[in-house]
Amino acid sequence: MPATRFMTLHRHILEGEKMHPEATGELSALLSQLGLAAKVISLEVNKAGLVDIIGFTGDSNVHGEQVKKLDIFAHEILIKAMDHGGHFCVMASEEEEDIIHIPKKHKIGKYVLLFDPLDGSSNIDANVSIGTIFTIYKRITPDGEPGTLKDCLQEGYRQVAAGYVIYGSSTMLVYTAGHGVYGFTLDPAFGEFLLSHDNIKIPANGRIYSLNEGNYLYWPQGLKNYIKHLQSNLYNGKPFQARYIGSMVADIHRTLLYGGIFIYPSDRRNEFGKLRLMYECNPMAFIVEAAGGRATNGNQRILDLKPESLHQRTPIYIGSPEDVLLVEKFLHENKSAE
Ligand code: AHG
Ligand code: MN
Ligand code: MN
């Protein structure tokens, strides 16, 4: 699909649905609604720094409104934007322990929405890129009734669509409905997401590795050997470069565009690492695989993992296929050394 100047998110999704009859007009409606929520969150994120400058008390602002942590603000905006369109039977958020039911007054739909409303929140005060991550499934319990935890705990390969919004130097929405990955940049002049990255494909290999090296002492031996290998082997005369932003959305977005590997491993202190399977690793794995990449937990494909609970964590090795395959080789060779 040619990237034209005015290929808006809404038009792109509609045209995408013409190519894939199994998708219904409903998917375009709910993805467009997510785009609206992203615009509202982007506005708030972009003035977050002002909260201190213009003297809000931090508890309640000059209008007497409760000034919310940005995570909670984004969480509430997404629920408000998505709970009344009749698209969903249930939702779940990183910021809510239990599943989120659709209010009785609204029509119950056939989709499920899981999201991390604000990813990378520790970076907000430093004005570093942060994001929102979302994923959509079809319900597996009978239509018409409220959705259940069972609808939320589906393997990642069953995702219908997934995406993220990155609030950085510009606000971008990247999504896939399983057929190609598309990036839209928000044009603040008229508040539309315009197609800027048509059919993103991740390079087969890269020259960047991305993980928190502060945890080196606790890593599996195979990972230590892999990183030392990247640092000591010259590729076209140069070692790999290390880049780590600390926002998964920003680190994965760079990996998707430039190639390389992002890692959040298990370590001696956290057997399953830090990142959540359902609303961080599964959506990112769905997107990266749709762009030709690879995502595993070191042994198994992320999208095949059987979820046990809503907020469960998993180690993740994700990015260019050749780079992920190489780290898996190092991990397997040193399995006995653990
Ligand atoms: P969140 O802000 O939603 O809790 O996510 C933060 C995550 C993820 O964005 C990032 O990759 C990771 O935390 C960074 O963790 P470390 O600071 O431990 O490296
Ligand atoms: Mn997160
Ligand atoms: Mn979060």
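These numbers were taken from a predicted model, which means no experiment stands behind them. Note that ligands are numbered from 1 as they come in the structure, with each ligand's atoms numbered from 1 the same way. Throughout, residue positions are numbered sequentially from 1 according to the sequence presented.
Its N, O or S atom nearest to the Mn ion (ligand 2) is what matters here, and for D119 that atom is OD1. For E280, the N, O or S atom with the smallest separation from the Mn ion (ligand 2) is OE2. Shortest distance from the Mn ion (ligand 3) to E94 is reached at OE1 (N/O/S atoms only). The minimum distance between the Mn ion (ligand 3) and any N, O or S atom of D116 involves atom OD1.
Residue L173 holds its CG atom at 12.0 Å from CG of L194, rounded to the nearest 0.5 Å. Note: E94 CD to R276 CZ = 6.0 Å, rounded to the nearest 0.5 Å.
Taking any N or O of G120, backbone or side chain, at least one lies under 3.5 Å from an N or O belonging to ligand 1. Taking distance alone, with nitrogen or oxygen atoms compared against 3.5 Å, M248 approaches ligand 1 more closely than that limit. The distance criterion of under 3.5 Å between nitrogen or oxygen atoms is not met by S247 with respect to ligand 1.
Using modelled atom types, one side-chain atom of H311 and one backbone atom of E97 make a donor-acceptor pair closer than 3.5 Å. D251 places a side-chain N or O within 3.5 Å of a backbone atom of I245 that can act as its donor or acceptor partner. Between the N225 side chain and the F330 main chain, no donor and acceptor come within less than 3.5 Å of each other. Looking at T255, its side chain never comes within 3.5 Å of a backbone N or O of G259 through a donor-acceptor pair. In terms of modelled atom types and a separation under 3.5 Å, the side chain of H10 and the main chain of L31 share no donor-acceptor contact. Between the side chain of D151 and the backbone N or O of I140 there is at least one donor-acceptor pair closer than 3.5 Å.
The atoms of ligand 1 that sit less than 4.0 Å from any heavy atom of G246 are 9 (O), 10 (C), 12 (C), 14 (C). Ligand-side atoms of ligand 1 in range of Y244: 14 (C), 15 (O), 16 (P), 19 (O), range being under 4.0 angstrom from any heavy atom. Annotation for ligand 1: atoms under 4.0 Å from non-hydrogen atoms of D116 are 3 (O). Which parts of ligand 1 touch Y264 is read off a 4.0 Å heavy-atom cut-off, strictly below it: atoms 15 (O), 16 (P), 18 (O), 19 (O). Set against the non-hydrogen atoms of N212, the atoms of ligand 1 under 4.0 Å away are 16 (P), 18 (O), 19 (O). For ligand 1 and L275, the ligand atoms under 4.0 Å from any heavy atom of the residue are 7 (C), 8 (C).
For the side-chain hydrogen bond (donor to acceptor under 3.5 Å, both in side chains) with N215, the lone residue among K274, R269, R268 that qualifies is R269.
Among the backbone and side-chain atoms of P117, none of the N, O or S atoms lies under 2.8 Å from the Mn ion (ligand 3).
For atom 4 (O) of ligand 1, the closest non-hydrogen atom of the protein is E94 OE2, 3.5 Å.
Taking only non-hydrogen atoms, the option from M284, R276, K274 nearest to atom 13 (O) of ligand 1 is K274. Nearest residue to atom 9 (O) of ligand 1 from I130, D71, I316, D119 is D119 (criterion: closest heavy atom).
Residue contacts with ligand 1 include E280, since one or more of its heavy atoms lies under 4.0 Å from the ligand. Ligand 1 is approached by L118 to a heavy-atom distance shorter than 4.0 Å.
Between F193 and F184, the gap from one ring centroid to the other reaches at least 6.0 Å.
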**Item:** Verdict with reasoning, T135 to Q159, per side-chain hydrogen bond (donor to acceptor under 3.5 Å, both in side chains)
**Value:** CA-CA 7 Å; T135 174; Q159 291 174 90; 2.5 Å; yes
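Inspection of the H253 and Y164 side chains reveals an N or O donor paired with an N or O acceptor under 3.5 Å.
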